[in-house]
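Side chains included, hydrogens not; waters and symmetry mates left out as well; all remaining heavy atoms used. In what follows, chains carry the letters A, B, and so on, assigned in the order in which the sequence lines appear, proteins first and then strands, with residues in each chain numbered from 1. Here the structure is a predicted model, which means the values were calculated and not measured.
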Amino acid sequence: MGLLSGIGRIGRDLAGAVLPLQLRDIERELDDRLRKIPAQLNEFGYDEFGLSPDWIRRSILPSALLYRLYFRVETFGIEHVPAGRVLLVANHAGQLPFDAAMLNIACLLEADPPRIARGMAEYWVPQLPWVNVAATRSGQMVGTPENCVALLEAEACVAVFPEGVRGMNKLYRDRYELMRFGLGFMRLAIETQTPIVPVGIVGSEEQQPGFANLEGLGRALGMPALPITLGFPWLGPLGLLPMPVKYRMHFGAPMEFGGSPHDEDGSIEPKVEQVKHAIKELLDRGRAERRGVFR
Amino acid sequence: MEKVLITGIAGGQGRLLARRLLENYEVCGADWVPWEGHPRGVSVHAVDLRKKKFEDVVRTEMPTSVVHMAFIRHFRGDPRRRHDVNVRGTKQLLDHCANYGVQKLVVVSSSYVYGAFPENPFYMDEDHPLSASRSYPEIRDLVEVDTLAQGFIWKYPHIRTCVLRPVNVLGYFVHSAIGSYLRMERIPTMMGFDPMMQFIHEEDVCEAIALALEHGLQGVFNVTGPGQVPLHTAIRETGGKALSLPEPVVRPLFQRMFNWGLWPFPPGAIDYLKYPVTLSGRNFIEATRFRPLFGLEEIFHSVRR
(Lines give C-alpha, C1' and ligand atoms only; values in the text may rest on other atoms or scores of the structure.)
Protein backbone atom coordinates (compact mmCIF):
# COMPACT_ATOMS: atom_id res chain seq x y z
CA MET A 1 0.00 0.00 0.00
CA GLY A 2 2.77 2.42 0.96
CA LEU A 3 4.53 1.81 -2.31
CA LEU A 4 1.36 2.31 -4.30
CA SER A 5 0.45 5.56 -2.61
CA GLY A 6 4.06 6.73 -3.06
CA ILE A 7 3.89 6.09 -6.78
CA GLY A 8 0.54 7.82 -6.83
CA ARG A 9 1.98 10.89 -5.16
CA ILE A 10 4.93 11.06 -7.60
CA GLY A 11 2.47 10.69 -10.47
CA ARG A 12 0.40 13.56 -9.18
CA ASP A 13 3.44 15.79 -8.73
CA LEU A 14 4.64 15.03 -12.26
CA ALA A 15 1.19 15.75 -13.64
CA GLY A 16 1.18 19.00 -11.72
CA ALA A 17 4.48 20.00 -13.34
CA VAL A 18 3.47 19.00 -16.86
CA LEU A 19 -0.12 20.25 -16.62
CA PRO A 20 -0.52 23.06 -19.14
CA LEU A 21 -0.90 26.47 -17.60
CA GLN A 22 -4.33 26.92 -19.16
CA LEU A 23 -5.59 23.83 -17.33
CA ARG A 24 -4.34 25.09 -14.01
CA ASP A 25 -5.98 28.44 -14.68
CA ILE A 26 -9.30 26.70 -15.24
CA GLU A 27 -8.87 24.73 -12.01
CA ARG A 28 -8.10 27.87 -10.05
CA GLU A 29 -11.06 29.66 -11.59
CA LEU A 30 -13.38 26.77 -10.70
CA ASP A 31 -12.14 26.77 -7.11
CA ASP A 32 -12.69 30.47 -6.90
CA ARG A 33 -16.21 30.33 -8.35
CA LEU A 34 -17.24 27.36 -6.20
CA ARG A 35 -16.29 29.30 -3.09
CA LYS A 36 -18.76 32.02 -4.06
CA ILE A 37 -21.89 29.95 -4.69
CA PRO A 38 -24.70 30.96 -2.37
CA ALA A 39 -25.21 27.64 -0.58
CA GLN A 40 -25.69 27.01 3.11
CA LEU A 41 -23.47 24.10 4.08
CA ASN A 42 -23.50 22.16 7.33
CA GLU A 43 -20.36 21.31 9.31
CA PHE A 44 -19.72 18.34 7.02
CA GLY A 45 -19.88 20.38 3.81
CA TYR A 46 -23.33 19.36 2.51
CA ASP A 47 -26.28 21.58 1.78
CA GLU A 48 -29.77 20.55 2.83
CA PHE A 49 -30.34 18.68 -0.44
CA GLY A 50 -27.08 16.70 -0.38
CA LEU A 51 -25.05 18.98 -2.64
CA SER A 52 -21.32 19.01 -1.94
CA PRO A 53 -19.17 21.78 -3.47
CA ASP A 54 -16.15 19.69 -2.53
CA TRP A 55 -17.41 16.79 -4.60
CA ILE A 56 -18.10 19.13 -7.52
CA ARG A 57 -14.58 20.55 -7.26
CA ARG A 58 -13.10 17.08 -7.60
CA SER A 59 -15.24 15.97 -10.53
CA ILE A 60 -16.02 19.01 -12.64
CA LEU A 61 -12.77 19.49 -14.57
CA PRO A 62 -13.70 17.28 -17.61
CA SER A 63 -16.96 19.21 -18.11
CA ALA A 64 -15.15 22.53 -17.74
CA LEU A 65 -12.63 21.46 -20.39
CA LEU A 66 -15.47 20.48 -22.72
CA TYR A 67 -17.02 23.89 -22.04
CA ARG A 68 -13.87 25.91 -22.77
CA LEU A 69 -11.96 23.86 -25.34
CA TYR A 70 -14.37 21.49 -27.11
CA PHE A 71 -17.68 23.32 -27.44
CA ARG A 72 -16.05 26.76 -26.90
CA VAL A 73 -19.25 27.96 -25.27
CA GLU A 74 -20.17 31.63 -25.54
CA THR A 75 -22.92 33.08 -23.36
CA PHE A 76 -24.98 36.20 -23.99
CA GLY A 77 -27.20 37.97 -21.49
CA ILE A 78 -26.34 35.76 -18.53
CA GLU A 79 -26.75 38.86 -16.33
CA HIS A 80 -30.49 38.17 -16.69
CA VAL A 81 -30.08 35.30 -14.19
CA PRO A 82 -31.13 36.90 -10.87
CA ALA A 83 -29.47 36.17 -7.54
CA GLY A 84 -32.51 34.52 -5.96
CA ARG A 85 -34.89 31.81 -7.07
CA VAL A 86 -35.11 31.32 -10.81
CA LEU A 87 -36.30 28.74 -13.32
CA LEU A 88 -34.10 28.40 -16.40
CA VAL A 89 -36.12 27.01 -19.29
CA ALA A 90 -34.11 25.83 -22.29
CA ASN A 91 -34.36 23.80 -25.48
CA HIS A 92 -33.09 20.22 -25.33
CA ALA A 93 -31.37 18.23 -28.09
CA GLY A 94 -28.35 16.19 -29.08
CA GLN A 95 -29.12 12.58 -27.99
CA LEU A 96 -27.03 12.92 -24.79
CA PRO A 97 -27.66 15.79 -22.35
CA PHE A 98 -24.45 17.72 -22.98
CA ASP A 99 -26.58 20.86 -23.28
CA ALA A 100 -27.66 20.43 -19.65
CA ALA A 101 -24.05 19.95 -18.53
CA MET A 102 -22.89 23.03 -20.46
CA LEU A 103 -25.74 25.11 -19.01
CA ASN A 104 -24.57 24.04 -15.54
CA ILE A 105 -20.99 25.09 -16.23
CA ALA A 106 -22.15 28.38 -17.73
CA CYS A 107 -24.08 29.21 -14.55
CA LEU A 108 -21.07 28.32 -12.43
CA LEU A 109 -18.41 30.11 -14.48
CA GLU A 110 -20.20 33.11 -15.95
CA ALA A 111 -23.18 34.02 -13.76
CA ASP A 112 -22.83 36.57 -10.97
CA PRO A 113 -22.99 35.29 -8.28
CA PRO A 114 -22.01 31.84 -9.55
CA ARG A 115 -24.98 29.49 -9.43
CA ILE A 116 -25.48 25.75 -9.30
CA ALA A 117 -28.13 24.96 -11.90
CA ARG A 118 -30.19 22.23 -10.26
CA GLY A 119 -31.50 19.65 -12.68
CA MET A 120 -34.64 17.59 -12.28
CA ALA A 121 -33.63 13.97 -12.91
CA GLU A 122 -35.73 11.10 -14.27
CA TYR A 123 -37.37 8.80 -11.73
CA TRP A 124 -35.02 5.89 -12.47
CA VAL A 125 -31.82 7.85 -11.81
CA PRO A 126 -31.85 7.19 -8.01
CA GLN A 127 -31.85 3.46 -8.73
CA LEU A 128 -28.55 3.51 -10.65
CA PRO A 129 -25.55 2.73 -8.45
CA TRP A 130 -22.93 5.52 -8.34
CA VAL A 131 -24.95 7.67 -10.76
CA ASN A 132 -27.40 8.48 -7.95
CA VAL A 133 -24.58 9.62 -5.66
CA ALA A 134 -23.00 11.75 -8.40
CA ALA A 135 -26.39 13.30 -9.18
CA THR A 136 -27.16 14.18 -5.56
CA ARG A 137 -23.71 15.58 -4.78
CA SER A 138 -23.73 17.77 -7.87
CA GLY A 139 -27.16 19.18 -7.04
CA GLN A 140 -29.53 17.13 -9.21
CA MET A 141 -32.72 15.76 -7.68
CA VAL A 142 -35.57 13.48 -8.69
CA GLY A 143 -38.01 15.55 -10.70
CA THR A 144 -40.98 15.44 -8.34
CA PRO A 145 -43.04 18.62 -8.01
CA GLU A 146 -42.32 18.59 -4.23
CA ASN A 147 -38.57 18.68 -4.87
CA CYS A 148 -38.86 21.52 -7.37
CA VAL A 149 -40.97 23.60 -4.98
CA ALA A 150 -38.57 22.90 -2.09
CA LEU A 151 -35.59 24.00 -4.21
CA LEU A 152 -37.27 27.18 -5.41
CA GLU A 153 -38.40 28.06 -1.90
CA ALA A 154 -34.76 27.68 -0.86
CA GLU A 155 -33.93 30.34 -3.52
CA ALA A 156 -32.21 27.86 -5.84
CA CYS A 157 -31.61 28.07 -9.59
CA VAL A 158 -33.46 25.20 -11.27
CA ALA A 159 -32.90 24.27 -14.92
CA VAL A 160 -35.70 22.50 -16.78
CA PHE A 161 -36.09 21.20 -20.31
CA PRO A 162 -39.85 21.00 -20.94
CA GLU A 163 -39.26 19.17 -24.22
CA GLY A 164 -37.89 16.22 -22.23
CA VAL A 165 -36.87 13.14 -24.23
CA ARG A 166 -39.02 14.39 -27.10
CA GLY A 167 -36.42 17.09 -27.52
CA MET A 168 -33.33 15.11 -26.71
CA ASN A 169 -33.99 12.56 -29.44
CA LYS A 170 -35.38 14.94 -32.06
CA LEU A 171 -34.30 14.32 -35.66
CA TYR A 172 -31.82 16.42 -37.60
CA ARG A 173 -34.51 17.73 -39.92
CA ASP A 174 -36.37 19.05 -36.86
CA ARG A 175 -33.36 20.91 -35.45
CA TYR A 176 -34.32 24.18 -33.74
CA GLU A 177 -37.97 23.14 -33.95
CA LEU A 178 -39.25 23.16 -30.38
CA MET A 179 -41.17 20.00 -29.54
CA ARG A 180 -44.30 20.04 -27.36
CA PHE A 181 -43.63 21.63 -23.94
CA GLY A 182 -44.85 20.04 -20.71
CA LEU A 183 -46.97 22.40 -18.59
CA GLY A 184 -45.69 21.39 -15.14
CA PHE A 185 -42.87 23.95 -14.99
CA MET A 186 -45.29 26.83 -15.49
CA ARG A 187 -47.58 25.68 -12.67
CA LEU A 188 -44.56 25.42 -10.36
CA ALA A 189 -43.29 28.86 -11.39
CA ILE A 190 -46.72 30.39 -10.66
CA GLU A 191 -47.07 28.53 -7.36
CA THR A 192 -43.69 29.71 -6.07
CA GLN A 193 -43.75 33.11 -7.86
CA THR A 194 -40.48 32.33 -9.57
CA PRO A 195 -39.22 34.34 -12.54
CA ILE A 196 -38.57 32.28 -15.69
CA VAL A 197 -35.41 33.00 -17.67
CA PRO A 198 -35.68 31.56 -21.20
CA VAL A 199 -32.46 30.11 -22.60
CA GLY A 200 -31.78 29.39 -26.27
CA ILE A 201 -28.92 26.93 -26.74
CA VAL A 202 -27.49 26.94 -30.26
CA GLY A 203 -25.14 24.08 -31.11
CA SER A 204 -26.48 21.06 -29.29
CA GLU A 205 -29.13 20.59 -31.96
CA GLU A 206 -26.40 19.71 -34.47
CA GLN A 207 -23.93 17.86 -32.23
CA GLN A 208 -25.23 14.37 -33.09
CA PRO A 209 -27.62 14.46 -36.06
CA GLY A 210 -30.39 11.87 -35.71
CA PHE A 211 -32.12 10.43 -38.78
CA ALA A 212 -34.67 8.14 -37.15
CA ASN A 213 -35.85 7.14 -33.72
CA LEU A 214 -36.96 3.52 -33.33
CA GLU A 215 -38.91 4.25 -30.16
CA GLY A 216 -40.84 0.99 -30.07
CA LEU A 217 -37.74 -1.18 -30.36
CA GLY A 218 -35.93 1.02 -27.83
CA ARG A 219 -38.73 0.64 -25.30
CA ALA A 220 -38.70 -3.13 -25.85
CA LEU A 221 -34.99 -3.04 -24.97
CA GLY A 222 -35.69 -0.95 -21.88
CA MET A 223 -34.26 2.31 -23.24
CA PRO A 224 -36.13 5.63 -23.37
CA ALA A 225 -35.35 5.89 -27.12
CA LEU A 226 -33.31 4.23 -29.87
CA PRO A 227 -31.93 6.93 -32.14
CA ILE A 228 -30.28 6.22 -35.48
CA THR A 229 -27.63 8.91 -35.94
CA LEU A 230 -24.42 9.55 -37.87
CA GLY A 231 -22.50 7.48 -35.33
CA PHE A 232 -25.07 5.32 -33.53
CA PRO A 233 -25.46 2.36 -33.44
CA TRP A 234 -22.70 1.83 -36.04
CA LEU A 235 -19.87 2.85 -33.72
CA GLY A 236 -21.42 1.51 -30.53
CA PRO A 237 -21.96 3.79 -27.54
CA LEU A 238 -19.04 5.95 -28.70
CA GLY A 239 -21.16 6.85 -31.72
CA LEU A 240 -23.39 8.98 -29.46
CA LEU A 241 -20.55 11.33 -28.53
CA PRO A 242 -21.08 14.85 -29.86
CA MET A 243 -19.18 16.54 -32.66
CA PRO A 244 -17.18 19.66 -31.71
CA VAL A 245 -19.92 22.11 -32.63
CA LYS A 246 -19.77 25.62 -31.21
CA TYR A 247 -22.29 26.39 -28.47
CA ARG A 248 -23.94 29.76 -28.15
CA MET A 249 -26.23 30.33 -25.18
CA HIS A 250 -28.60 33.27 -25.17
CA PHE A 251 -30.31 34.13 -21.88
CA GLY A 252 -33.49 36.20 -22.20
CA ALA A 253 -35.04 38.73 -19.83
CA PRO A 254 -36.84 37.22 -16.80
CA MET A 255 -40.56 36.60 -17.36
CA GLU A 256 -43.05 36.63 -14.49
CA PHE A 257 -46.48 35.05 -14.60
CA GLY A 258 -49.52 35.49 -12.38
CA GLY A 259 -52.70 33.52 -11.96
CA SER A 260 -53.37 30.30 -10.12
CA PRO A 261 -51.21 27.19 -10.41
CA HIS A 262 -54.41 25.13 -10.39
CA ASP A 263 -55.93 26.74 -13.49
CA GLU A 264 -57.01 24.39 -16.26
CA ASP A 265 -54.57 23.54 -19.04
CA GLY A 266 -56.31 25.97 -21.39
CA SER A 267 -55.16 29.00 -19.40
CA ILE A 268 -51.68 27.63 -18.65
CA GLU A 269 -50.91 26.82 -22.29
CA PRO A 270 -50.79 30.45 -23.57
CA LYS A 271 -48.26 31.29 -20.85
CA VAL A 272 -46.11 28.31 -21.84
CA GLU A 273 -46.41 29.48 -25.47
CA GLN A 274 -44.98 32.86 -24.45
CA VAL A 275 -41.92 31.15 -22.97
CA LYS A 276 -41.59 28.91 -26.02
CA HIS A 277 -41.78 31.95 -28.28
CA ALA A 278 -39.08 33.72 -26.24
CA ILE A 279 -36.78 30.70 -26.59
CA LYS A 280 -37.51 30.55 -30.31
CA GLU A 281 -36.46 34.20 -30.70
CA LEU A 282 -33.25 33.60 -28.73
CA LEU A 283 -32.48 30.61 -30.97
CA ASP A 284 -33.09 32.68 -34.11
CA ARG A 285 -30.78 35.39 -32.82
CA GLY A 286 -28.07 32.85 -32.01
CA ARG A 287 -28.30 31.23 -35.42
CA ALA A 288 -28.24 34.54 -37.25
CA GLU A 289 -25.05 35.56 -35.46
CA ARG A 290 -22.99 32.50 -36.21
CA ARG A 291 -20.94 31.89 -39.31
CA GLY A 292 -21.15 28.10 -39.28
CA VAL A 293 -21.96 25.09 -37.15
CA PHE A 294 -18.38 24.66 -35.95
CA ARG A 295 -17.35 28.33 -35.67
CA MET B 1 -49.24 18.25 39.66
CA GLU B 2 -50.19 16.50 36.45
CA LYS B 3 -49.54 12.79 36.27
CA VAL B 4 -48.03 11.18 33.19
CA LEU B 5 -47.95 7.48 32.37
CA ILE B 6 -45.09 6.28 30.17
CA THR B 7 -45.44 2.92 28.45
CA GLY B 8 -42.12 1.31 27.63
CA ILE B 9 -40.56 3.14 30.57
CA ALA B 10 -37.81 0.56 31.08
CA GLY B 11 -36.37 1.07 27.60
CA GLY B 12 -33.47 3.45 27.01
CA GLN B 13 -35.65 6.25 25.69
CA GLY B 14 -38.30 5.59 28.35
CA ARG B 15 -35.84 5.94 31.23
CA LEU B 16 -34.50 9.20 29.82
CA LEU B 17 -37.99 10.55 29.37
CA ALA B 18 -39.02 9.57 32.90
CA ARG B 19 -36.07 11.52 34.34
CA ARG B 20 -36.80 14.48 32.06
CA LEU B 21 -40.51 14.65 32.98
CA LEU B 22 -39.89 14.16 36.70
CA GLU B 23 -39.11 17.88 37.00
CA ASN B 24 -42.64 18.94 36.04
CA TYR B 25 -44.85 15.89 36.41
CA GLU B 26 -45.73 13.03 38.67
CA VAL B 27 -44.42 10.06 36.66
CA CYS B 28 -45.55 6.45 36.53
CA GLY B 29 -44.78 3.81 33.97
CA ALA B 30 -45.59 0.42 32.57
CA ASP B 31 -43.29 -1.99 30.79
CA TRP B 32 -42.97 -5.65 29.93
CA VAL B 33 -39.80 -5.84 32.03
CA PRO B 34 -39.14 -4.23 35.43
CA TRP B 35 -36.82 -1.24 35.77
CA GLU B 36 -34.26 -1.99 38.47
CA GLY B 37 -33.09 1.10 40.30
CA HIS B 38 -35.67 3.50 38.94
CA PRO B 39 -35.64 6.98 40.49
CA ARG B 40 -37.66 7.49 43.67
CA GLY B 41 -41.09 8.95 43.06
CA VAL B 42 -41.58 6.95 39.89
CA SER B 43 -43.91 3.98 40.18
CA VAL B 44 -43.12 1.28 37.64
CA HIS B 45 -45.52 -1.57 36.82
CA ALA B 46 -44.24 -4.68 35.06
CA VAL B 47 -47.29 -5.59 32.96
CA ASP B 48 -48.28 -6.63 29.47
CA LEU B 49 -50.24 -3.86 27.74
CA ARG B 50 -52.61 -6.43 26.25
CA LYS B 51 -53.65 -7.82 29.67
CA LYS B 52 -56.31 -6.83 32.16
CA LYS B 53 -53.62 -5.95 34.69
CA PHE B 54 -52.60 -2.99 32.58
CA GLU B 55 -56.16 -1.67 32.61
CA ASP B 56 -55.98 -1.84 36.42
CA VAL B 57 -52.79 0.23 36.32
CA VAL B 58 -54.49 2.96 34.27
CA ARG B 59 -57.58 2.82 36.49
CA THR B 60 -55.68 3.17 39.76
CA GLU B 61 -52.93 5.57 38.62
CA MET B 62 -55.46 7.86 36.87
CA PRO B 63 -52.86 9.64 34.67
CA THR B 64 -53.90 12.87 32.95
CA SER B 65 -51.30 12.36 30.22
CA VAL B 66 -49.92 9.26 28.50
CA VAL B 67 -46.77 8.81 26.42
CA HIS B 68 -46.90 5.59 24.41
CA MET B 69 -43.61 4.07 23.29
CA ALA B 70 -43.86 0.42 24.23
CA PHE B 71 -43.05 -1.27 20.95
CA ILE B 72 -41.02 -4.27 19.93
CA ARG B 73 -38.73 -2.87 17.26
CA HIS B 74 -36.32 -5.79 16.81
CA PHE B 75 -36.99 -8.89 14.71
CA ARG B 76 -35.56 -11.56 16.99
CA GLY B 77 -38.78 -13.20 18.15
CA ASP B 78 -41.90 -14.55 16.52
CA PRO B 79 -43.11 -11.95 13.99
CA ARG B 80 -46.76 -12.74 14.85
CA ARG B 81 -46.13 -11.98 18.51
CA ARG B 82 -44.36 -8.73 17.61
CA HIS B 83 -47.31 -7.68 15.49
CA ASP B 84 -49.79 -8.55 18.26
CA VAL B 85 -47.84 -6.78 21.01
CA ASN B 86 -47.43 -3.61 18.94
CA VAL B 87 -50.87 -3.35 17.35
CA ARG B 88 -53.18 -4.89 19.97
CA GLY B 89 -51.15 -3.34 22.77
CA THR B 90 -51.69 0.07 21.20
CA LYS B 91 -55.38 -0.61 20.66
CA GLN B 92 -55.85 -1.56 24.34
CA LEU B 93 -53.97 1.53 25.46
CA LEU B 94 -56.11 3.79 23.25
CA ASP B 95 -59.29 2.25 24.70
CA HIS B 96 -58.09 2.83 28.26
CA CYS B 97 -57.20 6.44 27.42
CA ALA B 98 -60.74 6.99 26.14
CA ASN B 99 -62.35 5.26 29.15
CA TYR B 100 -60.33 6.62 32.05
CA GLY B 101 -60.27 10.35 31.43
CA VAL B 102 -56.82 10.82 29.90
CA GLN B 103 -56.53 14.37 28.53
CA LYS B 104 -53.28 14.27 26.56
CA LEU B 105 -51.70 11.42 24.60
CA VAL B 106 -48.38 11.32 22.74
CA VAL B 107 -47.68 8.30 20.52
CA VAL B 108 -44.03 7.99 19.47
CA SER B 109 -44.01 6.61 15.91
CA SER B 110 -40.98 6.90 13.59
CA SER B 111 -39.78 8.14 10.21
CA TYR B 112 -39.56 4.55 8.95
CA VAL B 113 -43.32 4.41 8.34
CA TYR B 114 -42.95 6.47 5.14
CA GLY B 115 -40.78 3.82 3.52
CA ALA B 116 -37.57 4.20 1.49
CA PHE B 117 -38.26 4.65 -2.22
CA PRO B 118 -36.36 6.12 -5.18
CA GLU B 119 -39.18 8.56 -5.90
CA ASN B 120 -39.25 9.97 -2.35
CA PRO B 121 -39.13 13.76 -2.45
CA PHE B 122 -36.32 15.21 -0.41
CA TYR B 123 -38.50 16.57 2.36
CA MET B 124 -41.69 14.67 3.10
CA ASP B 125 -44.37 16.33 5.16
CA GLU B 126 -46.87 14.58 7.41
CA ASP B 127 -49.38 14.15 4.55
CA HIS B 128 -47.07 11.86 2.63
CA PRO B 129 -48.53 8.33 2.35
CA LEU B 130 -47.16 5.71 4.76
CA SER B 131 -45.93 3.16 2.25
CA ALA B 132 -43.28 1.30 4.24
CA SER B 133 -45.08 -2.03 4.03
CA ARG B 134 -44.79 -2.02 0.23
CA SER B 135 -41.09 -2.92 0.41
CA TYR B 136 -40.65 -3.73 4.12
CA PRO B 137 -43.64 -5.84 5.22
CA GLU B 138 -41.94 -6.74 8.51
CA ILE B 139 -42.65 -3.27 9.92
CA ARG B 140 -46.30 -3.01 8.84
CA ASP B 141 -47.23 -3.22 12.53
CA LEU B 142 -45.51 0.14 13.08
CA VAL B 143 -47.52 1.61 10.19
CA GLU B 144 -50.72 0.18 11.70
CA VAL B 145 -49.90 1.65 15.12
CA ASP B 146 -49.39 5.07 13.53
CA THR B 147 -52.68 4.74 11.66
CA LEU B 148 -54.58 3.59 14.77
CA ALA B 149 -53.33 6.62 16.66
CA GLN B 150 -54.34 8.93 13.79
CA GLY B 151 -57.84 7.45 13.84
CA PHE B 152 -57.98 8.13 17.58
CA ILE B 153 -57.45 11.85 16.93
CA TRP B 154 -60.68 11.97 14.91
CA LYS B 155 -62.71 9.74 17.19
CA TYR B 156 -61.86 11.55 20.41
CA PRO B 157 -61.26 15.19 19.49
CA HIS B 158 -61.50 16.26 23.15
CA ILE B 159 -58.34 14.26 23.96
CA ARG B 160 -55.22 16.11 22.84
CA THR B 161 -53.59 13.32 20.81
CA CYS B 162 -50.28 13.81 19.08
CA VAL B 163 -48.35 11.38 16.86
CA LEU B 164 -44.63 12.15 16.68
CA ARG B 165 -42.45 10.75 13.90
CA PRO B 166 -38.83 11.42 14.86
CA VAL B 167 -36.00 10.74 12.39
CA ASN B 168 -33.12 8.30 13.17
CA VAL B 169 -32.48 8.50 16.93
CA LEU B 170 -28.95 8.11 18.30
CA GLY B 171 -27.52 8.38 21.81
CA TYR B 172 -25.98 6.59 24.78
CA PHE B 173 -29.12 4.91 26.06
CA VAL B 174 -31.62 4.53 23.26
CA HIS B 175 -32.01 1.21 21.45
CA SER B 176 -32.69 2.13 17.84
CA ALA B 177 -32.31 0.22 14.59
CA ILE B 178 -29.89 2.84 13.28
CA GLY B 179 -27.93 2.68 16.55
CA SER B 180 -27.40 -1.08 16.44
CA TYR B 181 -26.56 -0.82 12.73
CA LEU B 182 -23.89 1.85 13.32
CA ARG B 183 -22.40 -0.14 16.21
CA MET B 184 -21.65 -3.17 14.06
CA GLU B 185 -18.08 -4.41 13.67
CA ARG B 186 -18.18 -4.05 9.89
CA ILE B 187 -21.08 -1.99 8.61
CA PRO B 188 -22.56 -3.26 5.34
CA THR B 189 -23.51 -0.56 2.83
CA MET B 190 -24.82 -0.93 -0.70
CA MET B 191 -22.19 -0.40 -3.38
CA GLY B 192 -22.83 2.81 -5.30
CA PHE B 193 -25.40 4.17 -2.84
CA ASP B 194 -24.94 6.80 -0.15
CA PRO B 195 -28.29 8.33 0.82
CA MET B 196 -28.67 11.45 2.93
CA MET B 197 -29.85 10.63 6.46
CA GLN B 198 -31.30 12.80 9.21
CA PHE B 199 -30.40 12.24 12.84
CA ILE B 200 -31.66 13.42 16.19
CA HIS B 201 -30.25 12.99 19.69
CA GLU B 202 -32.20 10.96 22.26
CA GLU B 203 -32.32 13.93 24.65
CA ASP B 204 -33.88 16.05 21.92
CA VAL B 205 -36.54 13.39 21.36
CA CYS B 206 -37.35 13.68 25.10
CA GLU B 207 -37.48 17.44 24.70
CA ALA B 208 -39.85 17.10 21.74
CA ILE B 209 -42.17 14.80 23.72
CA ALA B 210 -42.11 17.19 26.66
CA LEU B 211 -42.96 20.09 24.35
CA ALA B 212 -45.81 18.14 22.77
CA LEU B 213 -47.27 17.54 26.26
CA GLU B 214 -46.69 21.11 27.37
CA HIS B 215 -48.44 22.56 24.30
CA GLY B 216 -51.15 19.91 24.30
CA LEU B 217 -50.43 19.33 20.62
CA GLN B 218 -53.03 17.62 18.50
CA GLY B 219 -52.14 16.08 15.15
CA VAL B 220 -49.28 14.33 13.39
CA PHE B 221 -45.79 15.83 13.45
CA ASN B 222 -42.41 14.91 11.99
CA VAL B 223 -39.60 15.66 14.44
CA THR B 224 -36.27 16.48 12.83
CA GLY B 225 -32.87 17.11 14.36
CA PRO B 226 -30.03 19.42 13.44
CA GLY B 227 -29.54 18.18 9.88
CA GLN B 228 -28.49 15.46 7.50
CA VAL B 229 -25.35 13.83 6.13
CA PRO B 230 -24.64 10.98 3.71
CA LEU B 231 -24.71 7.52 5.31
CA HIS B 232 -20.96 7.01 4.83
CA THR B 233 -20.20 10.25 6.66
CA ALA B 234 -22.32 9.05 9.58
CA ILE B 235 -20.44 5.74 9.63
CA ARG B 236 -17.07 7.51 9.56
CA GLU B 237 -18.04 10.01 12.25
CA THR B 238 -19.30 7.32 14.63
CA GLY B 239 -15.99 5.49 14.24
CA GLY B 240 -17.29 2.61 12.14
CA LYS B 241 -15.90 0.83 9.09
CA ALA B 242 -18.15 0.56 6.07
CA LEU B 243 -18.16 -2.63 4.05
CA SER B 244 -19.48 -1.85 0.59
CA LEU B 245 -21.33 -4.82 -0.93
CA PRO B 246 -23.10 -5.31 -4.29
CA GLU B 247 -26.84 -5.27 -3.71
CA PRO B 248 -27.86 -8.08 -6.14
CA VAL B 249 -25.67 -10.48 -4.11
CA VAL B 250 -26.49 -9.08 -0.70
CA ARG B 251 -30.27 -9.10 -0.89
CA PRO B 252 -30.78 -12.87 -1.27
CA LEU B 253 -27.89 -13.52 1.12
CA PHE B 254 -29.38 -11.33 3.86
CA GLN B 255 -32.75 -12.98 3.32
CA ARG B 256 -31.22 -16.40 4.07
CA MET B 257 -29.14 -15.15 6.98
CA PHE B 258 -32.19 -13.40 8.44
CA ASN B 259 -34.26 -16.58 8.13
CA TRP B 260 -31.53 -18.55 9.94
CA GLY B 261 -31.23 -15.92 12.66
CA LEU B 262 -27.69 -14.88 11.69
CA TRP B 263 -28.56 -11.33 10.70
CA PRO B 264 -30.77 -8.91 12.66
CA PHE B 265 -32.52 -7.02 9.83
CA PRO B 266 -34.99 -8.24 7.17
CA PRO B 267 -33.95 -7.52 3.57
CA GLY B 268 -36.56 -4.73 3.33
CA ALA B 269 -34.23 -2.66 5.52
CA ILE B 270 -31.74 -2.55 2.63
CA ASP B 271 -33.81 0.11 0.88
CA TYR B 272 -33.13 2.48 3.79
CA LEU B 273 -29.42 2.18 2.88
CA LYS B 274 -30.18 3.15 -0.74
CA TYR B 275 -32.85 5.84 -0.82
CA PRO B 276 -33.38 8.91 1.34
CA VAL B 277 -36.20 9.11 3.89
CA THR B 278 -35.86 12.77 4.76
CA LEU B 279 -38.63 14.58 6.58
CA SER B 280 -39.73 18.16 6.88
CA GLY B 281 -40.02 19.05 10.56
CA ARG B 282 -41.38 22.51 9.81
CA ASN B 283 -44.84 21.97 11.29
CA PHE B 284 -43.52 20.80 14.64
CA ILE B 285 -41.07 23.68 14.83
CA GLU B 286 -43.82 26.18 14.04
CA ALA B 287 -46.13 24.66 16.64
CA THR B 288 -43.64 24.41 19.51
CA ARG B 289 -40.57 26.53 18.63
CA PHE B 290 -38.59 23.31 19.08
CA ARG B 291 -34.85 23.70 18.53
CA PRO B 292 -32.58 20.66 18.84
CA LEU B 293 -29.86 21.20 21.46
CA PHE B 294 -27.48 18.61 20.07
CA GLY B 295 -25.61 19.19 16.82
CA LEU B 296 -24.61 16.49 14.35
CA GLU B 297 -21.09 16.11 15.76
CA GLU B 298 -22.38 15.69 19.31
CA ILE B 299 -24.92 13.15 18.10
CA PHE B 300 -22.22 11.10 16.39
CA HIS B 301 -19.94 11.31 19.43
CA SER B 302 -22.73 9.97 21.63
CA VAL B 303 -22.62 6.60 19.85
CA ARG B 304 -20.61 4.32 22.10
CA ARG B 305 -18.93 1.49 20.29
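- Atom CH2 of A:Trp130 sits about 12.5 Å away from atom CG of B:Asp194, to the nearest 0.5 Å.
- Contacts with chain B were tallied for A:Asn132, A:Val142, A:Val131; A:Asn132 has the most, counting heavy-atom pairs under 4.5 Å.
- Although no hydrogens or angles enter the test, the distance criterion places a donor-acceptor pair under 3.5 Å between the side chain of B:Tyr123 and the main chain of A:Glu48.
- Heavy atoms of B:Tyr275 lying under 4.5 Å from chain A belong exclusively to its side chain.
- Taken to the nearest 0.5 Å, the CZ atom of A:Phe44 stands 7.0 Å off from the CZ atom of B:Arg236.
- Looking only at heavy-atom pairs under 4.5 Å with chain A, the residue among B:Pro276, B:Pro118, B:Pro226 that has the most is B:Pro118.
- The contact between B:Glu237 and chain A is made entirely by side chain atoms (from C-beta outward), counting heavy-atom distances below 4.5 Å.
- Proximity to chain B (any heavy atom under 4.5 Å) is restricted, for A:Leu128, to the backbone atoms N, CA, C and O.
- Interface remark: A:Phe49 contributes backbone and side-chain atoms alike to the contact with chain B (heavy atom separation under 4.5 Å).
- Summarising the geometry, atom OH belonging to A:Tyr46 is positioned 7.0 Å from atom CE belonging to B:Met196; distances are rounded to the nearest 0.5 Å.
- The two residues B:Phe193 and A:Gln127 make their nearest non-hydrogen contact at CZ-O, 3.5 Å.
- Contacts between B:Met191 and chain A at a heavy-atom distance below 4.5 Å involve backbone atoms as well as side-chain atoms.
- The CD atom of A:Glu146 sits 8.0 Å away from atom CG of B:Asp125, with the distance rounded to the nearest 0.5 Å.
- Side chains of B:Pro230 and A:Arg137 form a contact here, defined as non-hydrogen atoms less than 4.5 Å apart.
- Heavy atoms of other residues, nucleotides or ligands lying less than 6.0 angstrom from CD of A:Glu43 number more than 12.
- With rounding to the nearest 0.5 Å, the separation of CD in B:Glu119 from CG in A:Asn147 is 11.5 Å.
- Of the possible donor and acceptor atoms, none in the side chain of A:Asn42 sits under 3.5 Å from a partner among the backbone N and O of B:Gly227.
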